[in-house]
Amino acid sequence: MTRERLLEVRGLKVRFSTEDGVVRAVEGVDFTLDRGRILGIVGESGSGKSVTAMTLLGLTRSPRTRFEGAVLYKGQDLLGLSEDKLRAVRGGEIAMIFQDPMTSLNPVYRVGAQIVEMIRVHEPHTSKAAARRRTVDLLKQVGIPHAEERIDSFPHEFSGGMRQRAMIAMAIACNPDILVADEPTTALDVTIQAQIIELIVRLKDEYDSAVIMITHDLGVVADMADEILVMYAGRIVERAGTRDVFYDPQHPYTWGLLGSIPRLDRPKPKRLHTIRGVPPSAMDPSEGCTFGPRCPYAFGRCSEEPALEARGDKRTHLDRCWLGLEQKRTLRVATLEGRVEEVG
């Protein structure tokens, strides 16, 4: 079955001019998203995940920001839209769940009033009473008990999980085609995380929409994403289906992320694997492979920057690493077992 192509990002670059220099936040990102699919974007803080997502909605626009590439939503380039036209897309057709609902919700307005405002901005013909009734239904749909009473609560009267549910209710209020979730489970305990993830997947199916899930934790997207992009220093370093990323990862950075996750099917290690060093400066990126200075397996050719391409049998599995396939298989096992071997 052919799915509708909702989003196509081509060669996206985002740069911010500052007093200290130019910050290269995103450097040539490409991906597509079809209706009914979930795309996971993972990586450390500062890898460019959130900037990529916010650029889709025009939230990084400023006189000091420079863009290259294209962000095509149903064939229309969002980067070229005026602010008025983009405002119609933002929230109505592409909505976002922000990382911290306590700072995203206005603390001096009632939760229900904020959702009502969202509905009436995109649907001016809807009366205030009708929008309020719809808000109650939305709060019930996302699992907030006693929605008729809680609609008039202030954000500080909600728990962290309930605030996140309210943010999800606001995001789906206008039945968007794409839901962007920017680390929606970061500040929540594990039980609530699972509930929020289950809710997002269920709503995606009910509304026949698509989801971009942004997280630094590969475990969050393990059971929900169809495809995963691994980002590092503003670039995609690995892109593949979820099963391939977990069972046949090709990039040393991905091995490091996987190795840092506790495993129940293996003996408890003395220490979890860590990725040495720190991410490179976005104002002064290193020459060649951006992960090279932190990679335990770097060798001479890493002074050249590898392209994102398929290096094995699967044409849909792309990575940026000069290591050969047999070397990768051997070194990956060593990394995930907490050992580091020399590159021959």
Taking Arg235 for its side chain and Glu27 for its backbone only, find out whether a donor-acceptor pair lies under 3.5 Å. no

Mind listing the closest non-hydrogen atom pair of Thr242 and Ala225 along with its distance? OG1-O, 2.6 Å

What I want to find out is whether Arg132 reaches Asp152 closely enough, with some N-O distance under 4.0 Å, to be called a salt bridge. yes

Got a donor-acceptor contact below 3.5 angstrom from the Lys204 side chain to the Arg37 backbone? no

Electrostatic pair Glu198-Arg202, nearest N-O below 4.0 angstrom: no

Any salt bridge between Glu83 and Arg90, counting N to O under 4.0 Å? yes

Applied to residues 274-295, the ring pair (Phe, Tyr, Trp, His ring centres under 6.0 Å) test, sequence neighbours excluded, yields Tyr232-Phe291, His251-Phe291, Tyr253-Phe291

After noting the C-alpha distance and the side-chain angles of Arg329 and Leu325, does the key distance pass the side-chain contact (heavy atoms from CB on, under 4.5 Å) rule? CA-CA 6 Å; Arg329 291 190 179 99; Leu325 290 178; 4.0 Å; yes

Neighbour count above 12 (heavy atom, 6.0 Å) for Asp313 CG: no

Contacts of Arg10 that satisfy salt bridge (charged side-chain N to carboxylate O under 4.0 Å, His left out) - sequence neighbours left out: Glu8

Those residues at least two apart in sequence (or on a different chain) that pass side chain to side chain donor-acceptor pair (under 3.5 Å) with Arg5 are Asp34

Taking atom CZ as the centre, does Arg243 end up with more than 12 heavy-atom neighbours from other residues, nucleotides or ligands that are less than 6.0 angstrom away? no

Only residue of Arg332, Lys328, Lys314 satisfying salt bridge (charged side-chain N to carboxylate O under 4.0 Å, His left out) with Asp319 is Lys328

Which atom names give the shortest non-hydrogen contact between Thr60 and Thr65, and what distance separates them? O-OG1, 2.9 Å

Is the side chain of Glu68 donor-acceptor paired with the backbone N or O of Arg66 at a distance under 3.5 Å, no angle test? no

